[in-house]
Amino acid sequence: SGSIAFVCRRFDMLVQHLKELEIKDALTGLYNEAFIRNRLEEEIKRAIIYRRPCAFILLNIDNFQQFHGNFGLLQAEAALKKTASLIRDSFSEIDRAARIGDNEFAAVLPEKNKRQAQEKAEEVRKKIEFTFNKERDSNKRITVSGGISENPLDGISAAELITKAKEALNFAKTQGKNRIGIFSQKLQCP
């Protein structure tokens, strides 16, 4: 009876671990793209019902392909893990951060508007720049660019907010990188 209970507990732990793996990125431990899209949809529905904002942040490591080419897979993975750790530590338990692409990260910020999201994104951008600025080799100094959108101003679906945040991100990249773009009808980087 004791060994059966042990096996059952062990099985329950394995099932729980598998469930966690389904929503987490294996390399960084952040949530994955499927999870963050679903979470964004849920938060948008909640925001609409309660007439509250919900912001979305998209972050992309600047010149990552070049970094990967120069330093190889292991260094690139180490840089991704370090970046992910800095991002994870920057958000509250209510906010959710994810890795949604090779060198792309996202965060859902319930109850936050664009201005609040901009402040948070700038804080993250500066933290990443400061941390990687300590690298002796200037080619290993990583920065990120970002884009911000908000429900309901920029859309009422996850797809709309992601698209608008990508537009703002792309605009930030064209303005010199290492900056945060905010979606509006007239894109801007403060």
Side-chain angles (χ1 to χ4, degrees), residues 21-37 39-40 55-91 95-109 114 117-150 154-155 158-184 186-190:
L21 288 176
E22 290 174 6
I23 63 171
K24 298 278 179 125
D25 172 64
L27 180 68
T28 64
L30 293 176
Y31 291 105
N32 63 26
E33 183 176 10
F35 175 86
I36 210 71
R37 281 182 181 271
R39 182 62 182 229
L40 183 56
F56 181 73
I57 299 174
L58 197 57
L59 297 168
N60 183 285
I61 299 176
D62 297 321
N63 306 315
F64 189 72
Q65 272 56 40
Q66 183 180 352
F67 182 95
H68 188 279
N70 288 342
F71 301 107
L73 179 63
L74 292 178
Q75 291 282 327
E77 286 183 348
L80 285 168
K81 288 178 185 179
K82 190 178 208 179
T83 302
S85 177
L86 293 166
I87 290 170
R88 178 186 308 104
D89 293 346
S90 298
F91 291 100
D95 305 326
R96 294 286 185 255
R99 178 178 177 214
I100 63 167
D102 186 34
N103 63 314
E104 199 158 67
F105 301 89
V108 175
L109 285 73
K114 277 187 195 177
Q118 175 192 357
E119 289 171 4
K120 181 56 70 177
E122 271 298 323
E123 176 186 310
V124 172
R125 184 194 66 73
K126 288 175 182 173
K127 186 185 292 187
I128 290 168
E129 180 182 30
F130 177 79
T131 300
F132 282 96
N133 211 23
K134 296 174 185 171
E135 292 287 341
R136 285 191 189 126
D137 183 344
S138 62
N139 293 316
K140 288 186 176 182
R141 293 181 185 157
I142 286 178
T143 59
V144 296
S145 295
I148 296 170
S149 59
E150 176 193 339
D154 303 323
E160 288 176 306
L161 289 189
I162 292 168
T163 297
K164 303 287 174 59
K166 278 188 181 184
E167 286 180 38
L169 168 66
N170 291 336
F171 181 75
K173 294 262 189 191
T174 66
Q175 298 302 302
K177 301 179 182 168
N178 193 23
R179 57 188 76 229
I180 304 298
I182 302 161
F183 185 82
S184 69
K186 183 180 172 190
L187 288 169
Q188 57 187 3
C189 287

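All residue numbers refer to positions in the sequence shown, counting from 1.
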Practice task
Nearest 0.5 Å please: distance from the CZ atom of F183 over to the OG1 atom of T163.
Solution key: 9.5 Å
Practice task
Tell me, please, which residues at least two apart from K82 pass salt bridge (Lys or Arg N to Asp or Glu O under 4.0 Å).
Solution key: E135
Fill in the blank from the handout: What one should report as the nearest heavy-atom pair of A55 and A117 is CB-CB, 3.5 Å
Handout entry: Polar side-chain atom of K164 near backbone of S149 as donor-acceptor pair, under 3.5 Å
Key = no
Problem - Check: T131 side chain, I128 main-chain N or O, donor-acceptor pair, under 3.5 Å - result: no
Practice task
Considering non-hydrogen atoms only, spot the tightest contact between G181 and A172 and give its length.
Solution key: N-CB, 3.7 Å
Problem - Any F132 side-chain heavy atom under 4.5 Å of I61 side chain - result: no
Practice task
Could I get the full list of side-chain hydrogen bond (donor to acceptor under 3.5 Å, both in side chains) partners for K127, not counting sequence neighbours?
Solution key: S90
Problem - Mutual orientation of the aromatic rings belonging to F67 and F71 [parallel < 30°, tilted 30-60°, perpendicular > 60°] - result: tilted
Practice task
With rounding to the nearest 0.5 Å, note down the distance linking NZ in K173 to CZ in R179.
Solution key: 12.0 Å
Exercise for the section: Check step by step if side chain to side chain contact (heavy atoms under 4.5 Å, CB included) holds for F56 and E150. Expected result: CA-CA 6 Å; F56 181 73; E150 176 193 339; over 6 Å; no
Problem - Student check: side-chain heavy atoms of K81 and L27 closer than 4.5 Å - result: yes
Exercise for the section: Rounded to the nearest 0.5 Å, what's the gap from CD1 on I180 to CD1 on I148? Could you check? Expected result: 6.0 Å
Problem - Check: N32 side chain, E22 main-chain N or O, donor-acceptor pair, under 3.5 Å - result: yes
Practice task
Nearest 0.5 Å please: distance from the CG atom of N60 over to the OG1 atom of T83.
Solution key: 11.0 Å
Problem - For R37, salt bridge (Lys or Arg N to Asp or Glu O under 4.0 Å) partners two or more places apart - result: E33
Exercise for the section: Test salt bridge (charged side-chain N to carboxylate O under 4.0 Å, His left out) on K126 and E129 and set out the steps. Expected result: CA-CA 5 Å; K126 288 175 182 173; E129 180 182 30; over 6 Å; no
Practice task
Would you check if the side chain of R99 reaches a backbone N or O of D102 as a donor-acceptor pair within less than 3.5 Å?
Solution key: yes
Exercise for the section: Give, for atom CD of Q66 and atom NE2 of H68, the distance between the pair rounded to the nearest 0.5 Å. Expected result: 13.0 Å
Exercise for the section: Could you pull out the closest heavy-atom pair between K166 and E104, with the gap in Å? Expected result: CE-OE1, 4.2 Å
Handout entry: Under 3.5 Å: donor-acceptor pair, side chain of D25, backbone of T28
Key = yes
Practice task
For the pair K120 and D95, find out whether any cationic side-chain nitrogen is under 4.0 Å from an anionic carboxylate oxygen.
Solution key: no
Exercise for the section: Might you point out which heavy atoms bring A97 and I87 nearest each other, and give the distance in Å? Expected result: CB-CG2, 3.9 Å
Exercise for the section: Search all heavy atoms of N103 against all heavy atoms of F64 and return the closest pair with its distance. Expected result: ND2-CB, 3.2 Å
Practice task
Walk me through it: do I100 and L58 pass the test side chain to side chain contact (heavy atoms under 4.5 Å, CB included)?
Solution key: CA-CA 9 Å; I100 63 167; L58 197 57; 3.3 Å; yes
Handout entry: For the student: nearest non-hydrogen atoms of F35 and R96, plus distance
Key = CE2-CD, 4.1 Å
Practice task
Any chance you could measure L30, atom CG, to F91, atom CZ, to the nearest 0.5 Å?
Solution key: 10.0 Å
